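Just so it is clear, the structure is predicted and the values come from calculations on it, not from any experiment. Residue numbers count from 1 along this sequence.
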Amino acid sequence: QVQLVESGGGLVQAGGSLRLSCAASGRSFSTYAMGWFRQAPGEEREFVAVISRSGGTTYYVDSVKGRFTMSRDNAKNTVYLQMNSLKPEDTAAYYCAADQQLTAGTWFYSRRVDGVDYWGKGTLVTVSS
């Protein structure tokens, strides 16, 4: 079992920045590709970013590319999402996810939500205009 706990959400003005963290329990963190997803009220959960097991490869949805940066620190069992130049349309609950079988590349191309191994409970990001 792996438990994921997100933190760092909050209220921020448009143009501002936040850094989300996702702390993972377990002994095999480096064997999991990690992802960030978000879900706005009344919307389906949406892919945001993924990172490979080693942290050497990342992929982003077009709407955040150039503004968001995903990273991981395997020594700390933690992944991050640095969010800059935030827009009101970024407002959502942000969830981290872990999967031991998917690679970052296959996860990016599939945008898979169903069947992902582990999910956090989410952290809310609200961007005011």
Side-chain angles (χ1 to χ4, degrees):
Q1 280 286 340
V2 174
Q3 292 189 111
L4 306 173
V5 181
E6 303 96 334
S7 62
L11 176 64
V12 65
Q13 292 182 333
S17 298
L18 285 173
R19 189 180 76 157
L20 306 183
S21 299
C22 175
S25 67
R27 300 165 63 88
S28 303
F29 180 71
S30 64
T31 69
Y32 291 84
M34 300 293 296
W36 283 101
F37 293 73
R38 65 188 181 186
Q39 188 168 20
E43 303 291 334
E44 294 185 349
R45 194 162 297 187
E46 174 192 31
F47 169 86
V48 177
V50 294
I51 192 166
S52 62
R53 298 180 182 95
S54 68
T57 305
T58 54
Y59 298 92
Y60 303 90
V61 67
D62 286 346
S63 60
V64 309
K65 194 170 186 178
R67 300 188 297 119
F68 291 11
T69 302
M70 189 175 182
S71 61
R72 70 190 295 163
D73 187 340
N74 286 348
K76 296 181 178 179
N77 277 21
T78 304
V79 296
Y80 305 94
L81 186 67
Q82 178 66 48
M83 305 185 295
N84 298 326
S85 302
L86 282 162
K87 304 175 180 179
E89 49 263 47
D90 295 318
T91 295
Y94 282 72
Y95 300 87
C96 66
D99 199 280
Q100 201 166 35
Q101 293 185 336
L102 292 169
T103 65
T106 57
W107 205 347
F108 171 71
Y109 284 113
S110 71
R111 314 298 170 91
R112 186 171 181 175
V113 175
D114 295 340
V116 171
D117 288 345
Y118 300 101
W119 291 95
K121 294 182 179 179
T123 185
L124 185 63
V125 172
T126 303
V127 184
S128 62
S129 60

Common cluster, M34/Y80, ILVMFWY with side-chain heavy-atom separation under 4.5 Å: no
Cluster overlap F68 with L20, hydrophobic side-chain contacts below 4.5 Å: yes
Backbone of [Y] reached by a side-chain donor or acceptor of [X] within 3.5 Å:
X: N74; Y: S30; answer: no
X: R38; Y: T91; answer: no
X: D90; Y: A14; answer: no
X: Y59; Y: W107; answer: no
X: R72; Y: S52; answer: yes

Interatomic spacing from [atom1] in [X] to [atom2] in [Y] - rounded to 0.5 Å:
X: Q3; Y: N77; atom1: CD; atom2: CG; answer: 12.5 Å
X: L4; Y: T78; atom1: CG; atom2: OG1; answer: 10.5 Å
X: Q39; Y: E44; atom1: CD; atom2: CD; answer: 8.5 Å

Min side-chain heavy-atom separation Y94-E6 under 4.5 Å: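 Side-chain contact under 4.5 Å: no.
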Side chain proximity check, E46 to V113, heavy atoms < 4.5 angstrom: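 The answer is no; the side chains never approach within 4.5 Å.
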Aromatic ring proximity W119/F37, centre distance under 6.0 Å: yes
Ion pair check, R112 and D99, cut-off under 4.0 Å: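 A salt bridge is absent here (no side-chain N lies under 4.0 Å from a carboxylate O).
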Geometric cation-pi criterion, R111 with F108: 6.0 Å, 45°: yes
